[in-house]
Amino acid sequence: MSEKMLTEPCQAKIVKIKDEAPETKTFTIKYVDEALQKALHFTPGKFFMLSIFGYGEIPISISSSPLKTDSVELTIVDVGNATHALHPMKEGDIVGLRGPFGNGFPIQKFRNKDIVFVSGGCGMAPLRPAVKAIVGKRSEYKKLTLFYGCKRSDQMLFKEDLKEWSGVENFNTLFTVDEGTPDWKGEVGVVTKLFGKADLKPENSIAMIVGPPVMIHFAIIELKKIGFKEGQIYASLERLMHCGMGKCAHCNVAGTYVCTDGPVFSGAELAKLPLEEK
Amino acid sequence: MIQEKFVLKKENLHAFLEALSKDMEVFVPCHNENGATTFLPYNGQEIYTAAQTFYSPKQALNKPSEKEFFFGKKSSSVEVERVKQNGGKMIFGIRPCDTHAVKAFDKLYLEYGEVDPFYREKRDSTLLAALVCTEPCSNGFCHSMGTQEPTGHDLLMVEKADSFYIEAASSKGEELIKKHRGLLNITKFQKPELNFECKKKLDTRNLKEILDKGFFSKVWEEEGKRDLNCTSCTQVCPSCYCFLTLDKFILNTENSERFREWDSCHLQRFTKVAGNHIFRKSRESRLRQFVMHKLSYFQKNNDMMLCIGCGRCISVCPVGIDLTEIAAKIRSEFE
Ligand SMILES: Cc1cc2nc3c(=O)[nH]c(=O)nc-3n(C[C@H](O)[C@H](O)[C@H](O)COP(=O)(O)OP(=O)(O)OC[C@H]3O[C@@H](n4cnc5c(N)ncnc54)[C@H](O)[C@@H]3O)c2cc1C
Ligand code: SF4
């Protein structure tokens with residue numbers, strides 16, 4: 001990626017907006033400069049610093065497939081100033097992109113393995129590119145399992161994809177919600193409760209986890225109980241970031257930069273990081 | 001190379017600074033409007049060289065608040081303009097230890113990972129005229145940190161009773177001397193050996209390993225309890241660089257500007273994300289971040305300690321928190 005793409009907010013046009021869930025929209029965007037769009041390539045798990053001009057610049061994961069780079073999708077929850085200013089924006093409006101940043105999931109290394117995706121809430125957004133990339137090259141991977149938990153069923157993201165993935169060969173998709181509603185026929189409870197319902201074979205497996213800190217914490221504990229080794233677990237972390245390039249030091253955790261060394265860390269690396277500092 | 005050595009007579013100091021100021025913004029050690037010593041652009045004010053300045057010269061390179069971008073909304077586009085640096089700068093009278101803080105910035109912004117063009121533009125046009133110390137300062141420990149000799153400087157100066165000895169230390173420095181040759185006198189004076197001892201000491205042997213082992217030491221809790229999180233230490237520190245970015249509108253929501261502003265790891269907001277989750281909630285965790293970034297973490301990517309031993313954080317702390325003492329306590333526990 002050129003210095004310009006990484007260090008200066010480049011104009012990008014919103015070309016499509018989709019209501020994903022309450023307070024959550026997926027924005028399809030394209031660089032205004034076609035050359036930049038052509039230069040763009042990314043691994044799953046990478047993120048952009050997204051400028052909502054005048055409101056701020058925030059880290060947002062790419063939620064679309066790395067196999068399709070003529071535009072990118074960002075799935076964003078309205079939680080604060082910048083995200084709130086973004087939500088009413090229309091098709092044709094301009095935002096700024098800087099990046100992409102971060103290491104991403106090393107999915108090349110996961111070929112010929114069973115893959116376990118664990119996702120909580122809007123953690124499905126950063127995980128979706130990995131699922132799409134792996135489903136897109138289905139024959140290169142073995143058995144696939146997705147565990148996805150949300151607060152309520154209406155908050156599940158990417159419902160069409162979820163339906164599609166459940167039809168993919170040898171892909172077991174399991175869902176749960178914290179609060180059941182009359183229309184919800186599935187499981188109720190935390191995502192880790194689903195682990196026992198799938199026939200996981202830890203020996204040749206890799207687990208990828210994206211979700212809130214507590215979920216990551218318990219997912220790792222439960223996976224280890226089943227027999228996963230630290231090196232077979234990968235999780236993506238979230239921290240305050242103001243630059244994305246290891247310069248502003250906000251995401252520094254005991255010397256490790258979540259923006260440049262991460263946001264994806266192996267279980268072995270995570271074990272060494274004080275994730276919640278007393 | 002110029003063979004001769006020069007002195008600038010003190011009676012010519014202001015003429016020299018004025019001449020320099022024609023070509024660049026010259027930051028000089030002086031008093032600010034509150035009476036604190038700091039570095040400010042030269043405007044004829046009295047120069048302060050009696051001791052280390054209270055504030056560091058870092059604001060010559062990274063201002064407390066600095067405009068980086070202008071965003072102008074057009075009907076179907078947004079103009080993105082990087083704020084240009086106009087003209088060169090000099091930090092006149094920067095102390096040797098503080099030149100090592102500039103070196104730390106250079107490593108971080110220019111060598112580690114992606115280059116930061118915002119800093120590069122500022123740094124490329126900045127000259128350092130180092131003023132060596134001939135006596136120990138109150139809380140400095142540059143001898144422990146190996147920062148008593150300047151680095152990356154363009155001019156080297158030694159203050160004498162009635163003059164400043166000046167020597168070129170780079171080709172840019174040499175050009176300056178040639179240009180202002182008329183204000184300088186040739187001298188036979190030799191730069192003295194710096195043979196004073198700092199009063200304060202910090203044992204740096206295996207310090208990173210020892211501190212990393214002491215991450216959960218009780219010392220953090222004991223010291224953290226007293227911490228007021230006033231952020232004075234991070235403000236006076238020459239190498240504290242943590243920044244946040246902030247967009248501000250100009251008059252209406254059409255045009256806006258993006259600023260980089262000093263932040264401080266001593267504040268809860270430093271790790272606060274949406275949903276009000278704070279990753280370093282306790283005072284001890286934030287004090288630890290400050291000290292560890294200085295004495296351990298920075299080395300991981302940048303191959304030097306971020307603390308350069310000026311001792312300003314110790315001088316300024318209202319409750320007497322002293323990172324050399326913290327390091328010594330943890331050493332005695334974990335060595
Ligand atoms: C690597 C990474 C990937 C992310 N991916 C997504 C995503 O795909 N979709 C999504 O909806 N959200 C994502 N987030 C979280 C998102 O960055 C925050 O929700 C957003 O910054 C909130 O900004 P705000 O101005 O609306 O909120 P405010 O609360 O008003 O935030 C003020 C400032 O705090 C910072 N901030 C607040 N919350 C966070 C946070 N959780 N993480 C980092 N900085 C924060 C930002 O600098 C922001 O400008 C991601 C965060 C990280 C670190
Ligand atoms: S260490 Fe001292 S100077 Fe620094 S924030 Fe704490 S009380 Fe203030």
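Every chain is numbered from 1 and lettered A, B, ... according to where its sequence line falls, protein lines coming before strand lines. This one's a predicted model, so the numbers in the text were calculated from it and none came from an experiment.
The neighbour count for A:Lys151 NZ, taken as heavy atoms of other residues, nucleotides or ligands under 6.0 Å away, does not exceed 12. In this structure, B:Leu251 places its CG atom where only 12 or fewer heavy-atom neighbours from other residues, nucleotides or ligands lie under 6.0 Å away. Summarising the local packing, CG of B:Asn86 is surrounded by 12 or fewer heavy atoms from other residues, nucleotides or ligands at distances under 6.0 Å. For B:Lys300, the NZ atom counts as densely surrounded, since its 6.0 Å shell holds more than 12 non-hydrogen atoms of other residues, nucleotides or ligands. When the shell of 6.0 Å around OH of B:Tyr55 is examined, it contains 12 or fewer heavy atoms from other residues, nucleotides or ligands.
Residues of residues 57-71 of chain B lying within less than 4.5 angstrom of chain A, judged on heavy atoms, are B:Phe69, B:Phe71 in numerical order. Residues of residues 243-257 of chain A lying within less than 4.5 angstrom of chain B, judged on heavy atoms, are A:Cys243, A:Met245, A:Gly246, A:Lys247, A:Cys248, A:Ala249, A:His250, A:Asn252, A:Ala254, A:Gly255, A:Thr256, A:Tyr257 in numerical order.
Only the side chain of B:Val273 has a heavy atom closer than 4.5 Å to any heavy atom of chain A. In this structure, the portions of B:Leu244 lying under 4.5 Å from any heavy atom of chain A include both its backbone and its side chain. Only the side chain of B:Asn301 comes within contact range of chain A, with heavy atoms under 4.5 Å apart. Only the side chain of B:Gln289 comes within contact range of chain A, judged by heavy atoms closer than 4.5 Å. Contact annotation for A:Gln11: only side-chain heavy atoms (C-beta onward) come within less than 4.5 Å of a heavy atom of chain B. Heavy-atom distances place no part of B:Lys73 under 4.5 Å from chain A, backbone and side chain included. Residue A:Ile52 touches chain B through its backbone alone, counting heavy-atom pairs closer than 4.5 Å.
Checked for salt-bridge contact, A:Glu3 and B:Arg120 meet the test: a charged N lies under 4.0 Å from a carboxylate O. Taking 4.0 Å as the cut-off between side-chain N and carboxylate O, A:Lys272 and B:Asp212 do not count as a salt-bridged pair.
For the set A:Ala82, A:Pro213, A:Gly54, A:Gly56, the count of heavy-atom pairs under 4.5 angstrom toward chain B peaks at A:Gly54. Heavy-atom pairs under 4.5 Å with chain A were tallied for B:Arg286, B:Met292, B:Gln299, B:Arg288; the largest tally goes to B:Arg288.
Contact of the A:Ser51 side chain with the B:Arg258 side chain is registered, since non-hydrogen atoms from C-beta on lie closer than 4.5 Å. Taking 4.5 Å as the limit, some side-chain heavy atom of A:Phe53 sits within range of a side-chain heavy atom of B:Val80. Put simply, the side chain of A:Leu240 does not reach to within 4.5 Å of the side chain of B:Thr271, judged on heavy atoms. Counting only heavy atoms from C-beta outward, the side chains of B:Arg82 and A:Thr7 approach each other to under 4.5 Å.
For the pair A:His242 and B:Thr245, the tightest heavy-atom approach, listed with the atom from each and the gap, is ND1-N, 3.1 Å. What you find for A:Pro274 and B:Phe215 is that their closest heavy atoms are CG-CZ, 3.4 Å.
From B:His277, atom NE2 reaches atom CZ of A:Arg239 across 7.0 Å, with rounding to the nearest 0.5 Å. Atom OG in B:Ser76 sits 10.5 Å away from atom CG in A:Asp93 (nearest 0.5 Å). Distance check: A:Glu8 CD to B:Phe118 CZ gives 12.5 Å after rounding to the nearest 0.5 Å.
Between the side chains of A:Tyr55 and B:Ser256, no donor-acceptor pair is found at a separation under 3.5 Å.
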